[in-house]
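Below, chains carry the letters A, B, ... as their sequence lines are ordered, and counting in each starts from 1.
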Amino acid sequence: MDIDARIQRRQRRDEGPVLIQDYETLSPVAHIDEPSNRGPVFERLLDHLDPVFDGSLPPNAYVYGPAGGGKSAVVTALFSHLDQFSAEQRSVIHTSTRVKSPSSPSFVYLDLRETQTGFEFYHDVLDALADESIPDHGISTERLRERLQTELDNSEVGVVIAVDHVDEPNTTDVADLVDLFAGLPSNTSWLAIGRAEPQEIVLSEYTARSIHVDSYQSQMLVDVVMTRASEGLSQQALRHDLAREIADWADGNAYDALAALFIAADRANQAGRTQVTEREIQTACEEIPQPSVSLGRILSLPPNKQLVLRELVDLDEQQRRSVTVTTEAISDAPTVDLTSGTVKRFLYEMAEIGIVERVQGDSRGKGRPPSRIELRFPPTAFRRLYDLKKES
DNA sequence: GATCCACGGGAATACACGGATG
DNA sequence: CATCCGTGTATTCCCGTGGATC
């Protein structure tokens with residue numbers, strides 16, 4: 001945090017409540033413990049997972065639906081509760097000889113955005129399952145897999161592994177994922193989560209069941225926005241009609257809606273206001289490209305790539321006129337100590353996976369015409385989230 | 001000594017244009 | 001006119017190296 005911000009915060013202390021109470025809960029990347037209004041989805045997932053309560057594994061399944069429909073939110077919440085539940089149950093069995101209730105499997109949630117190699121895949125599953133901590137160097141991928149295998153062979157029921165963000169660019173591709181699962185014993189059941197229709201994805205050949213999660217209905221989305229606002233903002237900071245405006249614009253996509261709320265609140269906060277106004281909501285919505293990539297994807301990029309993006313969002317139009325010029329501007333920044341070659345390659349790679357986009361630029365001059373870099377994500381939101389993460 | 005992976009660095013390839021050539 | 005070729009950029013591709021960690 002810079003000194004001006006510190007001073008401003010002190011100054012505001014006597015002027016009544018600050019608008020943003022808690023950036024963490026307001027963040028569009030955060031999943032809350034009890035997602036609102038997704039009761040039916042929970043029920044359908046529980047139907048699928050029902051065998052678990054008799055001590056057996058459900059078949060493999062595929063959960064799919066449009067972006068911002070709450071798939072990740074529901075599955076993360078459900079899995080953390082279920083894992084807690086079955087851990088408790090296991091400990092009951094250990095301590096009591098009288099009760100002979102069936103044991104439960106473990107539940108592991110993996111985000112493929114953060115688990116991009118086979119090594120990380122086995123590592124994270126094993127880490128979730130084993131009590132001791134697992135080294136992340138000096139051990140081969142194959143050895144990890146073997147350890148995981150013995151761990152599972154000793155497990156009574158097995159494990160249900162949720163793999164989120166399947167088939168997104170820059171994640172393990174579907175064929176590799178199938179191979180990774182093939183390396184595990186049969187007491188593993190997986191729950192893949194993605195956007196593609198089951199017919200469009202090879203993965204569904206391996207899943208017994210598909211579960212559809214639709215986008216939010218308008219009124220539900222208004223509630224989601226209001227709930228988030230009441231948790232992260234001061235009292236009365238967001239009028240109900242403005243929440244509706246956000247929901248209407250977002251058209252069922254909770255992720256977009258929460259991003260818009262975050263940006264609007266941040267702008268209002270910077271301006272020293274304690275209420276979000278319509279004007280800020282409009283600017284916020286305009287700032288979110290359609291379609292836009294999830295900030296979650298961006299924030300799980302390697303640190304130096306994020307650094308490049310952080311510099312990128314501060315460049316002016318002139319400096320974005322071609323990849324070459326942009327590269328120079330970024331690698332000249334004092335915070336960046338990468339060579340210009342690497343910065344340039346990063347920019348191309350991120351264009352490749354849709355984080356930024358290259359559009360045909362000014363074609364006058366010799367040689368192949370340059371392209372210019374455009375963002376595929378809202379800069380204000382990224383800037384704030386990045387800086388917050390840096391601070392902590 | 002083993003292992004993983006982010007970086008660096010540069011070679012290979014693609015593309016646009018204009019001028020030369022058939 | 002159609003095609004080829006040379007030059008200057010842009011873009012993609014690939015692999016070796018070294019830091020960090022066990």
Is the phosphate of dT11(C) approached by S371(A) (side-chain N or O, under 4.0 Å from OP1 or OP2)?
yes
What is the distance from NZ of K344(A) to P of dA6(B), rounded to the nearest Å?
23 Å
Does a side-chain N or O of T141(A) approach OP1 or OP2 of dC4(B) to a distance below 4.0 Å, or not?
yes
Respond yes when some side-chain nitrogen or oxygen of T342(A) is under 4.0 Å from OP1 or OP2 of dC7(B), and no when none is.
no
Is any side-chain N of the basic residue among E317(A) and R320(A) closer than 4.0 Å to the acidic one's carboxylate O?
no
Can you confirm if the aromatic rings of F181(A) and F121(A) lie within a centre distance of less than 6.0 Å?
yes
Does OP1 or OP2 of dT12(C) have a side-chain N or O of Y348(A) closer than 4.0 Å?
no
Give the nucleotide from the list dA10(C), dT3(B), dA6(B) with an atom nearest to the side chain of N304(A).
dA6(B)
dT9(C) P sits how many Å from L347(A) CG, rounded?
19 Å
Mind checking if P135(A) touches a base, just sugar-phosphate, or nothing, with heavy atoms under 4.0 Å?
sugar-phosphate
Describe the nucleic acid contact of R358(A) in one word from base, sugar-phosphate, nothing, applying a heavy-atom distance below 4.0 Å.
sugar-phosphate
Salt bridge check: are R147(A) and E151(A) linked by an N-O gap of less than 4.0 Å?
no
Using atom CZ of F121(A) as one end and atom P of dC4(B) as the other, report the distance to the nearest whole Å.
16 Å
Please state how far atom CD in Q360(A) lies from atom P in dA10(C), giving the value in whole angstrom units.
12 Å
Output the single nucleotide from dG8(C), dG8(B), dC5(B) whose closest atom is nearest the side chain of R345(A).
dG8(B)
Between CD of E120(A) and C1' of dA6(B) the distance, given in whole Å, is 12 Å
Residue mapping more 5' on DNA chain C - nearest nucleotide basis, T324(A) or E349(A)
T324(A)
Should T117(A) be listed as having a side-chain N or O under 4.0 Å from OP1 or OP2 of dC5(B)?
yes
Between dT3(B) (P) and Y122(A) (OH): distance, integer Å
17 Å
Between C1' of dT12(C) and CE of M350(A), the distance in whole Å:
16 Å
How long is the line joining CZ of F346(A) and C1' of dG9(B), in whole Å?
13 Å
Between R358(A) and E352(A), is there a side-chain N and carboxylate O pair less than 4.0 Å apart?
no
One thing to verify: whether R383(A) and D314(A) come together as a salt bridge, which I'm taking to mean a side-chain N less than 4.0 angstrom from a carboxylate O.
yes
